[in-house]
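By convention in this document, chain letters (A, B, ...) are assigned in the order of the sequence lines, proteins followed by strands, and residues within each chain are numbered from 1.
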Amino acid sequence: MPTFYGTEVTSRLMLGTAQYPSPAILADAFRRSGAGIATVSVRREAGGDQAGQDFWALIRDLGTAVLPNTAGCYSVREAVTTAQMARELFDTNWIKLEVIGHADTLQPDPFGLVEAAAQLAEDGFEVFPYCTEDLVLCERLVEVGCKVLMPWGAPIGTGLGLNNIYGLRSLRAHFPGIPLVVDAGLGLPSHAAQAMEMGYDAVLLNTAVAKAGDPVAMARAFALAVEAGALAAGADPMDARDMAAPSTPVFGKAIL
Amino acid sequence: MSGPFTIIGGGVCGLAMAAELSSRSAQVTVIDPKGAPGDHACSWWAGGMLAPDCEGVTAEPEIVRQGRKAARWWESHGAAVHHAGTIVVALNRDQSDLATFARRAPTATSLSKTQIADHEPHLAERYSKALFLADEGHLDPRTTLIALHARLHQRGVRFGGDIKGQVIDCRGLAARDTLTDLRGVKGEMLVVRCPDVTLSRPVRLLHPRFPLYIVPRGDGVFMLGATQIETGERGRATLRSVMELMNAAYALHPAFGEAELLEIGVDARPAFRDNQPRIRRIGDVIYANGLFRHGFLLAPALAQMTADLLLEGKIPEVWYEDHRER
């Protein structure tokens with residue numbers, strides 16, 4: 001199982017906690033999938049007087065590791081402040097750092113992301129940056145102290161899967177020692193399996209499970225896909241080739 | 001038992017409870033320190049949609065089943081229910097959401113552009129596809145609560161005074177002091193006046209992040225709702241929420257850009273973990289609570305089940321918990 005900042009997690013599946021039909025279904029989805037990490041947003045729920053504590057208590061009750069996030073933050077200052085609040089609320093140095101650059105696509109702001117990651121790492125945070133698959137951006141994030149990278153598969157909530165296979169593959173090749181998590185854009189379990197087959201350490205998703213007609217069944221489906229993909233990655237898959245290769249020798253026929 | 005009963009809380013839950021019990025000849029007192037229906041009750045800010053089929057897209061099947069009783073109940077208690085159905089639309093790029101909704105709302109029928117024009121001419125200017133849920137209705141929560149309050153007065157329901165007999169606690173979120181698994185889910189809403197748009201029925205705009213419903217209140221007034229944020233905060237509508245509601249309304253029809261802003265409302269809905277209500281017996285008190293975003297939709301069923309329990313000893317088929325020590 002992957003190790004993030006010295007902590008080994010219990011599953012390669014990480015789930016968001018927003019948009020479920022009810023907290024009861026959310027809890028069932030975690031139970032059935034065995035997801036190892038729950039991400040939770042704090043920016044909007046905090047209210048004027050940390051009035052979101054009822055929901056946060058439900059998240060703590062899930063019994064998984066909690067990764068608070070800075071969803072909904074558009075500036076460095078906002079993200080840093082939210083991270084500090086999250087650290088107090090959940091008593092953890094982990095923070096999934098989102099600095100959103102575009103309101104409609106929720107595309108990360110790579111420049112703000114590096115700046116915020118640097119400040120937070122300096123302040124003792126263990127940063128999980130939600131980034132694009134840009135190699136240079138990822139290098140900068142590692143330089144400022146990130147020891148995990150979370151490139152998107154596709155924009156948040158689109159369910160399009162892995163949009164840039166080449167980019168994700170080269171990222172894996174370039175950072176063999178850094179845990180890599182595909183975060184956002186997954187729509188189907190096969191997308192998650194594909195990410196794992198490429199050697200990624202984990203996947204993080206929310207909408208694909210929360211908005212499914214049966215979120216609990218879909219969470220389980222993703223768990224199975226993640227397990228299948230990880231097994232396959234460890235089993236040294238064959239390389240695809242252009243020619244059909246009979247697994248039984250063919251005698252008596254002239255075939256080249 | 002035939003009473004007397006004392007209901008604590010005069011929002012939609014408490015008043016529906018008083019109406020049901022008093023209509024069965026029970027002696028009822030309603031105690032609400034805030035007095036007559038008003039903005040202290042979460043139901044004051046409700047949409048008033050009696051839309052079990054739309055809600056069924058995300059809510060549990062039992063909510064749909066119990067919610068189907070609502071329209072008739074409200075009418076039998078004097079409320080003006082509009083039986084005009086619900087229309088559901090999505091912007092061009094979100095058409096996949098419309099397909100998903102249609103799949104999950106079995107009673108929804110598709111409307112062509114011409115059919116949209118027959119129902120809502122102003123929407124036909126913008127949409128060539130829509131879904132129609134014919135069996136749904138809506139009411140005006142505020143006039144309904146005020147009228148029900150007056151009607152109960154006339155019928156001899158006592159408001160205020162001493163607690164007598166069986167206590168039924170309908171305080172909503174305030175009952176968190178006892179119901180520790182009750183949480184608040186914040187909702188923000190707007191009321192606008194927009195004479196340029198005419199709608200005869202609630203319209204829902206599907207959107208991956210900013211879903212919106214608009215309920216016509218007559219005279220060019222519309223209620224726009226509602227955010228759903230996991231926090232028990234009961235005040236403080238935020239600029240972001242208000243902006244999202246306004247943006248969505250503007251996207252639904254640009255004429256809303258010229259609407260006059262009449263009201264910004266905010267409160268928190270009382271909800272249990274599965275977002276379904278409960279009739280819970282703790283000690284000598286009956287708690288009816290957790291109506292979440294289904295106050296007007298489910299208060300009738302909850303009141304009927306509670307009355308069946310108290311007057312006829314009939315154990316409710318759903319949502320009942322007996323926490324008395326045995």
Side-chain donor/acceptor pairs under 3.5 Å, residues 110-117 of chain A, sequence neighbours excluded:
none

Looking only at heavy atoms, the pair that brings L173(B) and P270(B) closest together is N-CB, 3.7 Å
The interface call for Q228(B) against chain A, heavy-atom contacts under 4.5 Å, is neither
If one checks every heavy atom of R234(B) against chain A at 4.5 Å, the contacting part turns out to be neither
*asked:* Check this for me, if you would: do R65(B) and E317(B) make a salt bridge, where the nitrogen-to-carboxylate-oxygen distance has to be below 4.0 angstrom?
replied: yes
Of D28(A), T207(A), L106(A), the largest count of non-hydrogen pairs under 4.5 angstrom with chain B goes to L106(A)
Cut-off 4.5 Å, heavy atoms of chain A, and the answer for R93(B) is side chain
Comparing V185(B), I229(B), T58(B), D181(B) against chain A, the one with the most heavy-atom pairs below 4.5 Å turns out to be I229(B)
If the plane angle is over 60° it's perpendicular, under 30° parallel, otherwise tilted; pick one for Y5(A) and F128(A). tilted
Whatever's closer than 4.5 Å to a heavy atom in chain B on A210(A) counts as neither
Applying a strict 4.5 Å limit to non-hydrogen atoms, the region of S241(B) in contact with chain A is both
Checking heavy-atom separations under 4.5 Å from chain B, one finds in residues 58-70 of chain A L58(A), D61(A)
Can you give the donor-acceptor pairs under 3.5 Å from side chains of residues 17-27 of chain A to other protein atoms, not counting sequence neighbours?
{"from": "T17(A)", "atom 1": "OG1", "to": "T39(A)", "atom 2": "O", "distance (Å)": "2.8"}
{"from": "Y20(A)", "atom 1": "OH", "to": "G16(A)", "atom 2": "O", "distance (Å)": "3.1"}
{"from": "S22(A)", "atom 1": "OG", "to": "A24(A)", "atom 2": "N", "distance (Å)": "3.4"}
{"from": "S22(A)", "atom 1": "OG", "to": "I25(A)", "atom 2": "N", "distance (Å)": "3.2"}

- Message: Whether R204(B) and E55(B) form a salt bridge (side-chain N of Lys/Arg under 4.0 Å from carboxylate O of Asp/Glu) is what I want to check.
- Response: yes
Could you go through residues 182-198 of chain A and list every donor-acceptor pair under 3.5 Å that involves a side-chain atom there, pairing it with any protein atom two or more places apart or in another chain?
{"from": "D183(A)", "atom 1": "OD2", "to": "K96(A)", "atom 2": "NZ", "distance (Å)": "3.1"}
{"from": "H191(A)", "atom 1": "ND1", "to": "G187(A)", "atom 2": "N", "distance (Å)": "3.0"}
{"from": "H191(A)", "atom 1": "ND1", "to": "L188(A)", "atom 2": "N", "distance (Å)": "3.0"}

Q. Do the non-hydrogen side-chain atoms of W94(A) and V148(A) ever get within less than 4.5 Å of each other?
A. no
For this session: Would you verify whether the NZ or CZ of R183(B) falls within 45 degrees of the ring axis of F55(A) while also being under 6.0 Å from that six-membered ring's centre?
Result: no
